[in-house]
Amino acid sequence: MAENSATARSYQEEAHAIHARDVHFDFSTVPLHYIPGEVVATHVVNVMHLVLPEGERAMAACLAEALPEIADERLREEVTGFVGQESMHAGSHEGARAHLQSIGLDVDSYVAKVAWLVDRALGDHGLTGKAKQQWLRERLGLFAGMEHFTAVIGEWLLETSTLDELGMHPTMLDLVRWHGAEEVEHRSVVFDAYMHVDGGYARRARTGVLASALLLPLFVVSTAYLYRQDPSPRKGRFWGAQFVSATRRQVIPSFTTFFTEMPRYLSPRFHPSQLGSMDNALRYLAQSPAVRG
């Protein structure tokens with residue numbers, strides 16, 4: 001277990017308990033381009049349906065593997081709740097993915113490649129002994145870095161009004177905001193698990209940079225793939241131009257987030273509790289149609 005550090009904390013006085021929510025989404029009326037007039041922006045959101053289910057399963061498996069090394073009972077509770085939330089995220093995005101496949105967006109072959117890549121890059125590899133322990137710590141560091149960016153994007157989703165103004169389909173808007181709210185809610189769990197199990201700054205910094213270097217190309221490549229697979233004859237000009245336009249108009253988060261967030265994450269005094277507003281996240285979760293329904 002890691003020694004005490006500036007970024008480690010006890011969970012003993014934390015009042016909020018993370019838990020998986022039973023949600024229901026009806027995708028039956030969702031069109032192919034559910035952000036009207038925004039083909040590429042729609043596919044940027046679709047990346048969540050392709051990539052996240054496999055990545056979140058790998059993350060949940062990693063945290064479950066780490067549980068025996070976590071002595072803090074409150075942190076164990078939070079990790080258990082986190083695993084439940086990630087499993088629910090994966091299932092919900094798979095539902096959206098199946099619907100999009102059914103209306104003409106062929107993604108199954110790409111999803112199979114993503115699953116293979118995630119298993120090779122982030123699976124347990126069947127290691128034993130010290131190698132297994134070190135690889136667990138490495139994956140915790142990587143996932144802590146990735147969770148930083150999902151929390152930042154979750155905060156953006158909760159605060160932006162652009163998607164409402166453009167008339168994004170309410171089911172998909174609720175899906176991404178529910179997911180974003182839970183990312184803000186559990187923003188600290190993987191980081192704290194890493195600090196408890198390992199706690200080393202050098203590994204945290206290295207894996208944080210690597211997480212950024214992995215996520216940005218994955219989003220770009222996946223968006224380009226989805227644009228090519230889009231069967232609509234009116235999908236518009238080159239996807240890169242649409243991507244830049246959507247970014248400038250704040251229809252999607254800026255790709256520069258993967259660079260501008262690094263100094264904050266790399267600060268030795270950083271803790272994810274500094275991100276976003278927990279009140280905003282819990283307020284949305286209390287009124288989300290999928291949660292209430």
Begin with the C-alpha distance, continue with both residues' side-chain angles, and end with the deciding distance and a verdict on side chain to side chain donor-acceptor pair (under 3.5 Å) for Asp174 and Tyr284. CA-CA 9 Å; Asp174 186 33; Tyr284 186 81; 2.5 Å; yes
From CA spacing to verdict: side chain to side chain contact (heavy atoms under 4.5 Å, CB included), Leu175, Phe27: CA-CA 10 Å; Leu175 171 62; Phe27 299 111; 4.0 Å; yes
Under the criterion side chain to side chain contact (heavy atoms under 4.5 Å, CB included), I'd like the reasoning laid out for Leu216 against Val220: C-alpha separation, chi angles, the key distance, then a yes or no. CA-CA 6 Å; Leu216 179 57; Val220 172; 4.1 Å; yes
Dump the intermediate steps for side chain to side chain contact (heavy atoms under 4.5 Å, CB included) on Glu54 and Trp116, then the final yes or no. CA-CA 9 Å; Glu54 305 307 326; Trp116 179 89; over 6 Å; no
Worked check of side chain to side chain contact (heavy atoms under 4.5 Å, CB included) between Phe255 and Phe243: CA-CA 10 Å; Phe255 69 90; Phe243 183 89; 3.9 Å; yes
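Both the sub-6.0 Å distance and the 45° axial angle are not jointly satisfied by Arg206 relative to the ring of Tyr201.
A donor-acceptor contact shorter than 3.5 Å is absent between the side chain of Ser267 and the backbone of Arg264. With Arg204 contributing its side chain and Asp198 its backbone, the two residues share no donor-acceptor pair below 3.5 Å.
Taking the six-membered ring wherever Trp is involved, the centroid distance between the rings of Tyr227 and His43 does not fall below 6.0 Å.
Relative orientation of the His186 and Phe82 rings is perpendicular, given thresholds of 30° and 60° on the angle between their planes. Under the 30°/60° scheme for interplanar angles, the aromatic rings of His271 and Phe191 are found to stand perpendicular.
Looking only at side-chain heavy atoms (C-beta outward), Leu67 and Thr80 come within less than 4.5 Å of each other.
Residues Arg76 and Glu69 are not paired through a salt bridge, judged by the lack of any N-O separation under 4.0 Å between the basic side chain and the carboxylate. The residues Arg57 and Glu86 are annotated as not salt-bridged, no charged nitrogen and carboxylate oxygen being separated by less than 4.0 angstrom. Under a 4.0 Å N-O distance rule, the pair Arg249/Glu38 qualifies as a salt bridge. Electrostatic pairing of Asp164 and Arg177 counts as a salt bridge here, judged by a charged N lying under 4.0 Å from a carboxylate O. Salt bridge Asp124/Lys132: absent, no basic N to carboxylate O contact under 4.0 Å.
Rounded to the nearest 0.5 Å, atoms CD (Glu78) and CD1 (Ile18) are 4.0 Å apart. Taken from CD1 in Ile153 to CG in Leu215, the straight-line distance is 8.0 Å, to the nearest 0.5 Å.
Counting heavy atoms of neighbouring residues, nucleotides and ligands inside a 6.0 Å radius, atom CD of Glu159 exceeds 12 of them. Residue Arg120 qualifies as enclosed at atom CZ: its count of foreign heavy atoms under 6.0 Å is above 12.
Results of the side chain to side chain donor-acceptor pair (under 3.5 Å) test with Gln85 over Glu56, Glu185, His19 single out Glu185 as the only residue that passes. Among Thr171, Thr42, Asn46, Thr29, the one residue that satisfies the side chain to side chain donor-acceptor pair (under 3.5 Å) test with Tyr34 is Asn46.
Checked by atom type, the side-chain pair Glu261/His148 shows a donor-acceptor distance below 3.5 Å. A side-chain donor-acceptor contact under 3.5 Å links Arg203 and Gln134.
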